[in-house]
Amino acid sequence: MPGDDAFTYRIVPNYFFDDYDKGGTEIKQVPPRFGLIDSSPARWNVFKAKIMDLNKTAPNETTYRVLYLGRHGQGFHNVAETLYGSHEWNRHWAKLNGDKNMTWGPDPKLTELGIQQAQAVNSAWNTEIKHDMPLPQSLYSSPFTRALHTALITFDGLLMNSGNYAKGQKRPLIKEKLREVNGVHTCDRRSPRSHIANAFPQFDIEANFTEEDELWTADHRETEGELAVRLRQALDDIFNEDDATYISITAHGGAIRALLAVIDAPPRELPTGGVVCFVLEVKRISADQA
């Protein structure tokens, strides 16, 4: 049954910059070649051949996957936090829906800069596809508008609004567990299911997704430990249900911070609109071994 097994995760080094570099704290929004170390004209064909070979020779219960992690573009809540400063934002302003100049909750939209950031990622994909960069076979997103809109723009003409679904890619799937740190902050309260379905018909929504946001509460902010447990569950769910080699996840700063910890990646502050890529060794273990 999906979700019954857990996994261990190990980064396979020497494919992408920063996969084991503990020295820095911030990643460029879109590094050249999405961070691929190989800069040769045949780089992505060489890369795909290596991933194929890893999977052909992998032991039982082990697979090698390529994970594209994208953070949403700038939202109005990001603007507000910069305006008021993180201390005052967390103390007071994040608990409100907005001020006299802008609205940031619930479920804020992308700013114009956020849209441009997502368009920059789309341009980077179009550049690298000319060198045969593999598109995601599966695409997952947080249920928040800022993440869904970012994914929609990022893959516009590549997966979204294209014929590629007929060539083996699955329809994008919205997963509740990929949402941002939950509670207290109004920007992290999602829209109703019916609104999401109407606003983003290009996406499927996972089963058992409630109409109203039943997880958000005004009096408890998810701890780092709780967040890490949830994002490990999200990743385990994906690998229990999906055998795709190339997988894209569009989410949030806090959620991606937790995902990086789950896969034992170096801690990094991914900027709005940022993308980071990894080759993962994924080893299945029984749930009672987790």
Side-chain angles (χ1 to χ4, degrees), residues 27 29-30 68-84 86 89-90 93-99 101-122 124-125 139-156 159-160 172-206 209 212-213 215-216 221-222 227 230-231 234 248-259 269-276:
I27 302 171
Q29 187 202 338
V30 190
Y68 307 128
L69 294 180
R71 184 183 177 189
H72 65 79
Q74 183 194 66
F76 283 98
H77 64 303
N78 300 123
V79 175
E81 182 173 2
T82 299
L83 175 65
Y84 291 110
S86 292
W89 169 255
N90 291 315
W93 293 101
K95 301 171 185 178
L96 306 180
N97 289 337
D99 60 16
N101 295 315
M102 60 180 155
T103 300
W104 56 72
D107 198 13
K109 297 179 179 180
L110 294 180
T111 65
E112 184 57 40
L113 175 59
I115 292 171
Q116 293 171 6
Q117 289 171 333
Q119 289 170 338
V121 182
N122 179 270
W125 270 104
L139 194 159
Y140 296 92
S141 178
S142 154
F144 290 172
T145 293
R146 56 194 184 268
L148 292 164
H149 195 188
T150 296
L152 193 63
I153 297 170
T154 295
F155 294 103
D156 183 39
L159 293 176
M160 312 290 188
L173 184 65
I174 296 169
K175 291 188 71 67
E176 185 88 85
K177 288 178 182 176
L178 294 175
R179 62 189 291 161
E180 181 57 302
V181 184
N182 197 19
V184 182
H185 294 193
T186 64
C187 59
D188 298 326
R189 186 174 188 175
R190 71 161 168 84
S191 297
R193 186 191 188 284
S194 55
H195 171 84
I196 295 169
N198 289 332
F200 298 99
Q202 301 89 343
F203 293 80
D204 289 338
I205 302 176
E206 67 180 348
F209 191 93
E212 300 297 333
D213 188 349
L215 301 178
W216 187 91
R221 184 75 170 162
E222 202 170 20
L227 179 66
R230 170 162 63 84
L231 268 298
S248 172
I249 295 175
T250 306
H252 307 266
I256 290 173
R257 181 176 67 245
L259 280 172
E269 190 66 34
L270 196 63
T272 52
V275 180
V276 64

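Since we're looking at a predicted model, the values are computed, not measured.
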> From I256 CD1 over to L178 CG, what is the distance, rounded to the nearest 0.5 angstrom?
Replying inline: 9.5 Å
> Out of T272, T111, T82, T150, which residue meets the side-chain hydrogen bond (donor to acceptor under 3.5 Å, both in side chains) rule with Q74?
Replying inline: T111
> Hey, is NZ on K109 packed in by over 12 heavy atoms from elsewhere, all under 6.0 Å?
Replying inline: no
>> Within this structure, what is the NE2-OG1 distance for the pair H195 and T145, rounded to the nearest 0.5 Å?
In response: 4.5 Å
> Can you find a heavy atom in the side chain of L227 that is under 4.5 Å from one in the side chain of R257?
Replying inline: yes
>> Taking G273's backbone N and O only, do any of them form a donor-acceptor pair with Q29's side chain (distance below 3.5 Å, no angle check)?
In response: yes
> Side chain of Q202, backbone of P172: donor and acceptor closer than 3.5 Å?
Replying inline: no
>> If we check side-chain contact (heavy atoms from CB on, under 4.5 Å) with D107, which of these qualifies: P143, P192, S191, C187?
In response: S191
>> How close do F76 and T103 get, counting heavy atoms only, and between which atoms?
In response: CB-O, 3.6 Å
> Of all heavy-atom pairs between P108 and H77, which one has the smallest distance, and what is that distance?
Replying inline: CG-ND1, 3.5 Å
>> Pair H252, V181 - check side chain to side chain contact (heavy atoms under 4.5 Å, CB included), show working.
In response: CA-CA 9 Å; H252 307 266; V181 184; over 6 Å; no
> Under 30°, 30 to 60°, or over 60°: which ring-plane class applies to F155 and W125, parallel, tilted or perpendicular?
Replying inline: tilted
>> Do T186 and R189 make a side-chain contact, defined as non-hydrogen atoms from C-beta onward lying under 4.5 Å apart?
In response: no
>> Does this structure show an ion pair linking R146 with E180, if we count only N-O contacts that are shorter than 4.0 Å?
In response: no
> Can you name the nearest heavy-atom pair linking A251 to A147, along with the distance?
Replying inline: O-CB, 4.3 Å
> Hey, does the side chain of Q117 reach the backbone of G73 with a donor-acceptor pair shorter than 3.5 angstrom?
Replying inline: no
> Can you tell me how far the CG atom of L139 sits from the CD1 atom of I174, to the nearest 0.5 Å?
Replying inline: 10.5 Å
>> Let me confirm one number: the CG-CZ distance from D213 to R190, rounded to the nearest 0.5 Å.
In response: 5.0 Å
> Which heavy atom in D99 sits nearest to a heavy atom in W93, and how many Å separate them?
Replying inline: CB-CZ3, 3.9 Å
> Rounded to the nearest 0.5 Å, how far apart are CG of N78 and NE2 of H72?
Replying inline: 5.0 Å
> If you take all heavy atoms of I196 and L148, which pair is closest and at what distance?
Replying inline: CG2-CD1, 3.9 Å
>> Is there a side-chain contact between W89 and L83 in this structure, where contact means two heavy atoms from C-beta onward sitting under 4.5 Å apart?
In response: no
>> What's the separation between atom CZ in R179 and atom CG in L215, rounded to the nearest 0.5 Å?
In response: 5.0 Å
> L110 and I153: which non-hydrogen atoms are nearest, and at how many Å?
Replying inline: CD1-CD1, 4.4 Å
> When you measure from the side chain of W104 to the backbone N and O of L96, does any donor-acceptor pair fall under 3.5 Å?
Replying inline: yes
> Does N122 use its side chain to pair, donor to acceptor, with the backbone of D156 at less than 3.5 Å?
Replying inline: yes
> Hey, does the side chain of R230 reach the backbone of K177 with a donor-acceptor pair shorter than 3.5 angstrom?
Replying inline: yes
